[in-house]
Asker: 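The structure follows.
These numbers come from the heavy atoms of this one structure, side chains and all, not from hydrogens, waters or symmetry mates. Numbered from 1 within each chain, the chains take letters A, B, ... in sequence-line order.
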2 protein chains.
Amino acid sequence: MIKKKKRAVTIKDIAREAGVSISTVSFAFNGTAPVAQETKDRIFEVINRLNYRPNSAARGLVTRKTNNICLFTPHPTSDFFSFSGNGVFSDLMQGIGEVLDQKDYNLLISWDTVGYKAKTPKLIRLIREQAMDGVLICLPSQDSSIINELNEHNFPLVIIGGADKSSAVNTVDVDNHEISYRVTRHLLELGHKRIAFISPGQLEFLVCEDRLEGYKEAMSDAGLKVRDDYIFIGDETESSGYRAAEAFMSLKEPPTAIVAGRDIQAVGVLEYTKEHDISVPQTLALVSFENSQLAEKHGITSITTNLYEIGKEGAKLLIKLLNRKKERAAQNMVIPSGLVVRGSSQPQSESSAPSVAASTESISVRTRSRKQ
Amino acid sequence: MIKKKKRAVTIKDIAREAGVSISTVSFAFNGTAPVAQETKDRIFEVINRLNYRPNSAARGLVTRKTNNICLFTPHPTSDFFSFSGNGVFSDLMQGIGEVLDQKDYNLLISWDTVGYKAKTPKLIRLIREQAMDGVLICLPSQDSSIINELNEHNFPLVIIGGADKSSAVNTVDVDNHEISYRVTRHLLELGHKRIAFISPGQLEFLVCEDRLEGYKEAMSDAGLKVRDDYIFIGDETESSGYRAAEAFMSLKEPPTAIVAGRDIQAVGVLEYTKEHDISVPQTLALVSFENSQLAEKHGITSITTNLYEIGKEGAKLLIKLLNRKKERAAQNMVIPSGLVVRGSSQPQSESSAPSVAASTESISVRTRSRKQ
DNA sequence: CTGAAAGCGCTTACAG
DNA sequence: CTGAAAGCGCTTACAG
């Protein structure tokens with residue numbers, strides 16, 4: 001037996017060893033044409049003995065499939081992902097990873113290096129090189145130049161998180177407008193009228209804009225005026241929540257409730273109330289988004305924004321797109337959110353007992369989709 | 001002008017449009033053979049106009065290069081990565097990402113789905129399909145079956161984080177043994193003799209084993225006995241730190257200092273001391289690993305374990321390997337760590353003033369490598 | 001059920 | 001400096 005070093009085993013090796021043609025090997029291996037059981041057995045014996053796997057480049061060249069899907073997103077430590085306390089980026093990756101693994105797709109990552117709304121040479125290069133079959137985009141705001149390039153080259157695309165519902169693109173996201181409305185509504189139902197809002201980040205981010213709008217709409221619908229001094233643009237730091245609280249509570253007419261844009265901000269608010277002996281929820285009620293461990297730990301009422309589910313459903317949708325022959329209308333999938341009520345927004349009549357979770361939907365997250 | 005829809009532009013299109021042969025296009029594009037300036041200009045005009053990029057599969061088939069490097073790691077939300085408070089996984093990805101972006105490599109991710117020390121079909125498949133040029137492994141413990149397969153196929157490999165120094169593999173890591181020794185030594189120098197240790201996780205994890213050994217060695221070197229009841233196997237939760245403190249402080253002879261295996265555990269310890277009116281550092285001194293935001297926030301003395309640097313240097317090393325013709329001895333690179341002293345381990349003579357950082361090496365992280 | 005042949009889009013000797 | 005040709009390892013009509 002001659003041992004060749006290093007060279008990878010090819011379909012020719014299998015064919016020779018099994019005494020058949022390479023087409024037969026291909027047919028057997030892929031189950032793409034009928035092959036006699038006997039020869040099939042012979043072929044697979046050799047395949048397994050030699051640990052044969054088709055070279056991905058060669059196969060990709062003819063099938064025009066790479067089995068790679070690309071995730072395009074800001075760097076993991078950028079402020080888009082830097083929600084302390086909760087692994088937003090990890091959750092997203094986990095969701096995507098689980099689906100791709102199961103479907104035998106590989107995950108290729110391309111960072112949005114140049115900052116928001118910037119040109120994106122790397123992704124564009126990958127598109128033109130046809131290095132993947134489809135792409136998953138997760139950006140703070142929509143970049144139409146990428147979307148156009150993707151469409152031109154017929155690359156299936158799903159936008160996850162921060163989806164602009166108005167465009168005819170496949171999206172998977174939480175409905176930030178709706179959940180912000182719901183969270184504000186929760187405070188209104190507790191009797192609050194002076195409700196302030198902290199934006200989770202700059203308003204250029206779609207998530208932030210949507211949450212602000214949801215808050216405003218809830219206020220208007222309740223017949224209340226939206227006051228500019230009740231709106232604070234925060235960021236990913238705890239201290240931005242602290243500063244927001246400081247600003248609000250220094251007003252002549254301070255709010256009786258705050259909608260924090262994210263849990264870490266809510267923690268900042270609590271820090272302020274502790275320092276200034278403001279009782280929560282008696283004097284100041286507090287609700288937030290994310291429902292991360294932080295919210296649980298500090299007894300903050302919060303609404304879930306499940307990045308894990310978003311990643312998972314996004315990946316699923318993309319794969320479905322890849323295996324579809326005929327085009328269909330773009331789908332906008334919304335991941336349900338559950339409001340988890342805790343001590344920070346308990347009705348005042350009830351005792352301020354340890355946090356109580358009272359949510360219907362927070363566990364069983366189902367997905368529904370609607371045509372656009 | 002005839003507009004063809006959808007078909008990607010190939011080297012043939014460029015050749016036809018520029019009136020040259022495809023070899024000349026290839027030579028010009030890759031700068032791999034001299035081409036007359038005039039024809040070169042003509043070719044590049046067409047290339048730019050048509051946005052040509054060589055098909056990656058076709059190119060990969062002949063060059064045997066994919067420009068992909070694969071990261072093999074547990075799922076991002078697995079307990080290996082679930083250090084709350086700090087984005088270990090994000091930091092790692094960030095470091096890797098920056099280097100690869102700059103060098104025009106793509107990042108392919110393969111999760112270690114089956115748990116620790118398990119068979120790993122996915123990675124093995126990618127190896128055999130030759131879907132990448134090299135791999136970066138980041139696992140809680142070494143898996144020799146993978147390493148063997150990698151070697152068989154001549155795949156360059158770098159192990160980052162959790163590296164077993166004994167084997168002849170390229171590694172990049174913090175020296176967990178040394179930093180644990182250093183951190184314990186710090187307490188010894190403050191006069192402590194009864195020092196307890198909380199393991200950051202199960203001892204099967206190399207990181208944990210190394211840190212425990214470093215602690216033990218420091219104790220022995222100081223002529224102190226290592227007591228079994230001074231060792232607690234913690235995990236990634238805050239409460240494991242709390243429970244460790246509880247166990248230690250209930251001993252007949254409680255320790256006067258604790259080495260927490262990670263910052264989140266140190267926070268748990270502080271929670272316990274607060275509840276039980278134990279003054280830190282007077283009655284109980286505390287040091288930890290990671291030097292995350294948690295350590296800073298709570299004034300905990302901690303030693304840096306820079307995953308960002310580890311990722312970065314790991315990626316750099318791997319790329320160096322890829323571009324090297326002749327083999328060289330395996331390299332073990334250690335990322336320097338800096339001890340950041342804060343209030344939790346202040347010498348008792350000094351006032352318990354707000355945290356003071358006193359570290360020489362924590363900022364300027366340089367790398368040195370040694371042959372093995 | 002099986003094989004010979006073409007072709008995917010490139011790179012790379014080899015001539016000239 | 002440029003072109004014709006072979007070949008990378010596969011899949012897929014096309015015959016038989």
Side-chain angles (χ1 to χ4, degrees), chain A residues 4 6-44 46-47 50-67 125-133 153, chain B residues 4 6-44 46-47 50-67 125-133 153:
Chain A
K4 302 204 179 165
K6 293 184 171 198
R7 234 202 64 251
V9 11
T10 75
I11 198 173
K12 271 190 200 164
D13 299 325
I14 308 298
R16 191 184 341 97
E17 197 87 351
V20 294
S21 75
I22 61 167
S23 4
T24 305
V25 175
S26 179
F27 294 145
F29 185 83
N30 297 308
T32 181
V35 174
Q37 188 60 47
E38 199 190 355
T39 50
K40 211 189 292 188
D41 289 345
R42 198 147 27 95
I43 290 173
F44 272 105
V46 180
I47 284 179
L50 269 47
N51 285 328
Y52 169 72
R53 282 250 91 205
N55 175 292
S56 63
R59 174 180 254 191
L61 181 56
V62 25
T63 60
R64 260 115 225 311
K65 294 255 307 169
T66 61
N67 269 17
R125 214 198 64 205
L126 290 173
I127 295 173
R128 298 189 180 151
E129 291 178 352
Q130 302 156 79
M132 66 266 183
D133 302 336
H153 292 255
Chain B
K4 300 205 178 163
K6 293 186 172 199
R7 232 201 68 252
V9 10
T10 74
I11 198 171
K12 271 191 201 164
D13 299 324
I14 307 299
R16 190 183 341 96
E17 196 87 351
V20 294
S21 74
I22 61 166
S23 2
T24 305
V25 175
S26 179
F27 293 146
F29 185 83
N30 296 308
T32 180
V35 174
Q37 188 59 48
E38 200 191 355
T39 49
K40 211 189 291 188
D41 289 346
R42 195 147 30 94
I43 290 173
F44 272 105
V46 180
I47 284 179
L50 269 49
N51 284 329
Y52 169 73
R53 282 251 91 206
N55 176 291
S56 64
R59 175 181 253 193
L61 181 55
V62 26
T63 61
R64 260 118 225 312
K65 293 256 307 169
T66 61
N67 269 16
R125 213 197 63 204
L126 290 173
I127 295 174
R128 296 187 182 154
E129 291 178 352
Q130 301 155 79
M132 65 268 182
D133 301 336
H153 292 254

Asker: So B:Asn67 and B:Arg59, side-chain contact (heavy atoms from CB on, under 4.5 Å) or not? Walk me through it.
Answerer: CA-CA 10 Å; B:Asn67 269 16; B:Arg59 175 181 253 193; 6.0 Å; no

Asker: Over all heavy atoms of both residues, which pair between A:Lys12 and A:Ile22 is shortest? Give the atoms and the distance, please.
Answerer: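 It is CA-CG2, 4.1 Å.
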
Asker: At 4.0 Å (heavy atoms only), tell me whether B:Tyr52 reaches a base, stays on the sugar-phosphate, or touches nothing.
Answerer: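 Result for B:Tyr52 = sugar-phosphate.
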
Asker: Give a yes or no on whether the backbone of A:Ala18 and the side-chain of A:Arg42 come within a donor-acceptor separation of less than 3.5 Å.
Answerer: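 Here the side-chain-to-backbone pair exists.
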
Asker: Using a heavy-atom distance cut-off of less than 4.0 Å, which residues of residues 57-66 of chain B contact DNA chain D?
Answerer: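 The stretch gives B:Leu61, B:Val62, B:Arg64 as the residues lying under 4.0 Å from the strand, ordered by number.
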
Asker: Could you check if a side-chain atom of B:Asn51 sits within less than 4.5 angstrom of a side-chain atom of B:Val9, using non-hydrogen atoms only?
Answerer: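 B:Asn51 vs B:Val9: side chains apart.
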
Asker: Indicate, with a heavy-atom threshold strictly under 4.0 Å, whether B:Thr10 touches base, sugar-phosphate, or nothing.
Answerer: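 The residue B:Thr10 makes sugar-phosphate contact but no base contact.
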
Asker: Determine the minimum heavy-atom distance between B:Ala131 and A:Ser56, stating which atoms define it.
Answerer: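 Smallest interatomic distance, heavy atoms only, reads CA-OG, 3.6 Å.
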
Asker: Which pair of non-hydrogen atoms, one from A:Pro54 and one from B:Glu129, has the smallest distance, and what is that distance?
Answerer: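 Shortest heavy-atom contact: O-CG, 3.5 Å.
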
Asker: So what does the secondary structure string of DNA chain D come out as, 5' to 3', with Watson-Crick or wobble pairs under 3.5 angstrom, [ ] for crossing and | for pairs with another strand?
Answerer: |||.||||||||.|||

Asker: Name all residues meeting the ring pair (Phe, Tyr, Trp, His ring centres under 6.0 Å) criterion together with B:Tyr52; count only those two or more places apart in sequence or in a different chain, and write none if there are none.
Answerer: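 Listed in chain order: B:Phe29.
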
Asker: Quick check on contacts: within residues 30-40 of chain A, what sits under 4.0 Å from DNA chain C by heavy-atom distance?
Answerer: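 Contacting residues: A:Pro34, A:Val35, A:Ala36, A:Thr39.
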
Asker: What are the two closest non-hydrogen atoms of A:Ala57 and B:Gly60, and how far apart are they?
Answerer: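 Smallest interatomic distance, heavy atoms only, reads CB-C, 4.1 Å.
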
Asker: When rounded to the nearest 0.5 angstrom, what is the spacing between CG in A:Leu61 and CG in B:Asn55?
Answerer: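 One gets 6.0 Å once the value is rounded to the nearest 0.5 Å.
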
Asker: What are the two closest non-hydrogen atoms of B:Ser21 and B:Ala15, and how far apart are they?
Answerer: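 Minimum heavy-atom separation between B:Ser21 and B:Ala15: C-CB, 3.9 Å.
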
Asker: Between A:Asp13 and A:Thr10, is there a donor-acceptor pair closer than 3.5 Å when you use the side chain of the first and the backbone of the second?
Answerer: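 Yes; at least one donor-acceptor contact below 3.5 Å.
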
Asker: Which is the 5'-most and which the 3'-most nucleotide of DNA chain C that has an atom under 4.0 Å from a heavy atom of chain A?
Answerer: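 Footprint of chain A along DNA chain C, 5' to 3': C:dC1 to C:dG9.
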
Asker: What closest approach, in Å, do A:Ile43 and A:Ala28 show between heavy atoms, and which atom pair accounts for it?
Answerer: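 Looking at all heavy atoms of both residues, the shortest contact is CD1-CB, 3.9 Å.
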
Asker: Using side-chain hydrogen bond (donor to acceptor under 3.5 Å, both in side chains) as the criterion, list what pairs up with A:Thr66, not counting sequence neighbours.
Answerer: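 side-chain hydrogen bond (donor to acceptor under 3.5 Å, both in side chains) check on A:Thr66 returns A:Asp133.
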
